[in-house]
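Note on naming: letters A, B, ... go to the chains in the order of the sequence lines (proteins, then strands), and numbering restarts at 1 for each one.
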Number of protein chains: 2
Amino acid sequence: MTSDASSGRRSTIHEVARAAGVSHQTVSRYLRGLGPFRPQTIEQVEAAIEELNYRPNTIARSMRTRRTGVLSVVLPSPVEQMPTPMLAAAGEVAHREGFLMEIAVVEGSPQERAARARELMDSGRVEGVLSLSGLPGLEESPRSATTAALAVLGQYDDRLRGIGPLADASLVAEIVRRLAAMGHRRFLHVQGPQEWASAAARRQIFEETIAADGLESHGVVGGAWSPETGHAAIMELAEDSGVTAVVAANDYVAFGVMRAAHERGWRIPEDLSVVGWDDLGVSRYAVPALSTVAADRAGQGRFAMERLIALVREQDPPTVMPEMNTLLLRESVGPAPRR
Amino acid sequence: MTSDASSGRRSTIHEVARAAGVSHQTVSRYLRGLGPFRPQTIEQVEAAIEELNYRPNTIARSMRTRRTGVLSVVLPSPVEQMPTPMLAAAGEVAHREGFLMEIAVVEGSPQERAARARELMDSGRVEGVLSLSGLPGLEESPRSATTAALAVLGQYDDRLRGIGPLADASLVAEIVRRLAAMGHRRFLHVQGPQEWASAAARRQIFEETIAADGLESHGVVGGAWSPETGHAAIMELAEDSGVTAVVAANDYVAFGVMRAAHERGWRIPEDLSVVGWDDLGVSRYAVPALSTVAADRAGQGRFAMERLIALVREQDPPTVMPEMNTLLLRESVGPAPRR
DNA sequence: ATCGGTCATGTGATCGGTCACACATGCTCG
DNA sequence: CGAGCATGTGTGACCGATCACATGACCGAT
């Protein structure tokens, strides 16, 4: 904007101090808003900053203070289905608390991801790391002098109980029972990738509920979050399979299921009922409108970020998040067809 | 893992050097893989690193080298429809070139976003900034000593010519002409938010083509990227509007359009043809399958990131990206109904 | 006249690395 | 046999901030 100092080098606090005729420490204090100043001093410092177009070097500051104000969310690599509402909410919380949230996309296997996350924690670049997927070998930790804090959402423990709300699949039981109440007896589950806590939990609850309630499972197929998965699952189904209800891993999968049913000439919900998970923005606009679970991703994002920030500050983490999933039954479910 | 040094402080290169019986410089060289070493030296240094559980402090390194290896993508705040395939591809390029890509979600008006981006560029924390939206007052720049490089994708210039491939809307003309060839005469455009270069460009080309080809526009409505927008646009349409073809701003909007048509009892494509933009993963699985433009987001992401990296390295930026949009006509378009 | 306290500012060390350069050793070659 | 060179390593300055502590001016109280 104004004269851009003399050379291409960026100016430092010392140069500002010299230009203002004060000590570097005075400038530093000014920048941090500390201590009272003589009006004249303020004026001179401000003029010098303006003239030299000075901006503090965050790196240098971080080196001394060991604070960076940056929290990092690490995401597994197939980033296509990034949980954006969650990230948006998490970012909002971070912003409110004075942090900058960055998203780091990390490639590779769970082991490689864990190594990269570890590296990030040790680099000094961030004060906290939030992982949305499990990181084998790393455990949640408060911030220490040696590393950044770590919060993990959606991780499973040894008994496959998700500790994060992400993995809470209890509503799958509700789905199955509601469908059973409408007369459905034979179910198909199209599962997601089993490395994901949430996918594994949904499958587990599905099978448990089928068994507990004396219903029939035609089986579990699939293994990805994509529409293709759902499409293939239905196309491979025998004409006389007897399946009248499909529990899909998520809405993407459910879209594929609905499309395949259409292609086979099966009406939804008259011939087949379908339920997804996630309540994508377009799901209620599908024809027929897709039944799903609204997972309050925003709430989960807030929760996760608040938890991380508490760990960073070595405060008490927030209490366990209440159940926040909501089952939305729309046009894609109906009474089971008569045999 | 092993003994965690003595205290809570993290160990430094000097401590490693002392433990290994070499100079700090030798350790530094070892870490950077420079120069040859005596086998014994390597052994001692590795043992010391292992024993002290040493990790280099990236901040301290960056301070001296002025390199951070971090490129930042700044996204506007309503992050719900984050262009994930683009980000994924961009991240891949960054990774391949030895950079870490972070995504910074920035809140506020375009002006505020520009200010935050500026701050990020001046902080020294990142070497380059890639903005997916326009930043008023900031222009693309190579990396200088004073700030990070900036690349802007989808920005418009004074004459509303998008400089980024994102804003290339030329296929809108093709869409309109293909529909006209099927007998459509009266069109509706449901536009996106006009602050977005891409939305503005699509609208402009729509209107230009209508005028140039002597067709009729029922008007332009809407102004957001959401299904609600498309839904409302159709619900408000008079029964005798004469509109037989809708050009929607993107697939989200198109989903809303299709749903509303269904609710009004209009068949697609027999009564109404609909075209979206973006080719969402679920679009080809919709019933009827949604016609759209596959924008090769991944290609755009790669292009943008390569451009940024070239700016950072002060090399020649890649040549202008070739046309990469593809029109996909699916079930949602058909011949115009007879009056 | 001296003392203690507040106000406003200055001095030098420090964070943990890299950079520039010096230096010691052993080998080859004229 | 010493110059020249490659090999391997060490010394101290430096990046740009903050931190800990010192200092000088001014004030009212003893």
Side-chain angles (χ1 to χ4, degrees), chain A residues 5 7-45 48-49 52-69 119 122-125 127 145-148, chain B residues 5 7-45 48-49 52-69 119 122-125 127 145-148:
Chain A
S7 68
R9 253 191 9 84
R10 62 190 295 172
S11 42
T12 74
I13 203 172
H14 289 93
E15 288 162 10
V16 171
R18 218 160 54 83
V22 299
S23 79
H24 62 135
Q25 178 64 317
T26 298
V27 178
S28 174
R29 271 191 292 259
Y30 169 81
L31 291 170
R32 285 175 292 154
L34 297 180
F37 301 98
R38 291 211 329 271
Q40 195 202 353
T41 304
I42 295 180
E43 205 173 293
Q44 288 167 335
V45 170
I49 288 175
L52 295 173
N53 191 27
Y54 168 78
R55 316 279 167 138
N57 181 325
T58 318
I59 294 276
R61 175 178 296 166
S62 298
M63 175 157 172
R64 185 71 235 239
T65 61
R66 297 170 171 292
R67 290 215 44 199
T68 63
E119 214 172 287
D122 288 331
S123 72
R125 264 192 52 245
E127 291 182 61
T146 47
T147 71
Chain B
S7 68
R9 254 190 10 82
R10 61 190 297 173
S11 43
T12 74
I13 202 172
H14 290 92
E15 288 161 10
V16 171
R18 218 161 53 84
V22 299
S23 79
H24 63 134
Q25 178 63 318
T26 298
V27 179
S28 174
R29 271 191 292 257
Y30 169 81
L31 292 169
R32 286 174 292 153
L34 297 180
F37 302 97
R38 290 212 328 272
Q40 195 201 355
T41 305
I42 294 180
E43 206 173 293
Q44 287 167 337
V45 170
I49 287 175
L52 296 173
N53 191 26
Y54 168 78
R55 318 279 166 135
N57 182 325
T58 318
I59 294 277
R61 177 178 295 166
S62 299
M63 177 160 172
R64 183 71 232 236
T65 61
R66 297 169 169 294
R67 289 216 46 200
T68 63
E119 213 173 287
D122 288 331
S123 73
R125 263 193 51 245
E127 291 182 62
T146 47
T147 70

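- The distance between atom CD1 of B/Ile59 and atom C1' of D/dT18, rounded to the nearest whole Å, is 14 Å.
- The CZ atom of A/Arg66 sits 8 Å away from the P atom of C/dC15 (whole-angstrom rounding).
- Contact check, B/Ser28 against C/dT18: a side-chain N or O comes under 4.0 Å of OP1 or OP2.
- Applying the side chain to side chain contact (heavy atoms under 4.5 Å, CB included) test to B/Arg125 and every residue at least two apart in sequence or in another chain returns A/Thr58, A/Ile59, A/Val70, A/Leu100, A/Glu102, B/Glu102, B/Leu120, B/Ser123.
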Going 5' to 3' through nucleotides 5-13 of chain C and flagging B where a protein heavy-atom sits under 4.0 Å of the base, S where only the sugar-phosphate is that close, and - otherwise, we get ---SBBBBB
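- Residues B/Arg66 and B/Ser62 bring no donor and acceptor atom of their side chains to less than 3.5 Å of each other.
- The closest side-chain heavy-atom distance from A/Ile49 to A/Leu31 is below 4.5 Å.
- Rounded to whole Å, atom P of D/dT18 lies 11 Å from atom CE of B/Met63.
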Could you list the donor-acceptor pairs under 3.5 angstrom formed between side-chain atoms of residues 37-44 of chain B and any protein atom two or more places apart in sequence or on another chain?
from: B/Arg38; atom 1: NH2; to: B/Gln40; atom 2: OE1; distance (Å): 3.0

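- With sequence neighbours left out, A/Arg64 forms a side-chain hydrogen bond (donor to acceptor under 3.5 Å, both in side chains) with no residue at all.
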Annotated structure of DNA chain D as dot-bracket, pair cut-off 3.5 Å, Watson-Crick or G-U only, | for inter-strand, is ||||||||||||||||||||||||||||||
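- Counting to the nearest Å, the C1' atom of C/dC15 and the CZ atom of B/Arg10 are 12 Å from each other.
- In this structure, B/Tyr54 reaches the sugar-phosphate backbone alone: every heavy-atom distance under 4.0 Å involves primed, P, OP1 or OP2 atoms, never a base.
- Note: CZ (B/Arg61) to P (D/dC14) measures 22 Å, nearest angstrom.
- When the side-chain hydrogen bond (donor to acceptor under 3.5 Å, both in side chains) test is applied to B/Tyr54, no partner is found at least two apart in sequence or on another chain.
- The distance between atom CG of A/Asn57 and atom C1' of C/dG16, rounded to the nearest whole Å, is 15 Å.
- With sequence neighbours left out, the salt bridge (charged side-chain N to carboxylate O under 4.0 Å, His left out) criterion links A/Arg55 to B/Asp122.
- B/Arg67 meets the salt bridge (charged side-chain N to carboxylate O under 4.0 Å, His left out) test with B/Glu127; sequence neighbours excluded.
- If you measure from atom CZ of B/Arg18 to atom P of D/dT9, you get 20 Å, rounded to the nearest angstrom.
- Closest-nucleotide positions on DNA chain C for B/Ala60 and B/Arg32 were compared, and the one nearer the 5' end corresponds to B/Ala60.
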In residues 16-24 of chain A, what donor-acceptor pairs under 3.5 Å come from side-chain atoms, sequence neighbours left out?
from: A/Ser23; atom 1: OG; to: A/Gln25; atom 2: N; distance (Å): 3.4
from: A/Ser23; atom 1: OG; to: A/Thr26; atom 2: N; distance (Å): 3.3
from: A/Ser23; atom 1: OG; to: A/Thr26; atom 2: OG1; distance (Å): 3.3
from: A/His24; atom 1: ND1; to: A/His14; atom 2: NE2; distance (Å): 3.3

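- Taking atom CG of B/Leu34 as the reference point, atom P of D/dT9 lies 13 Å away to the nearest angstrom.
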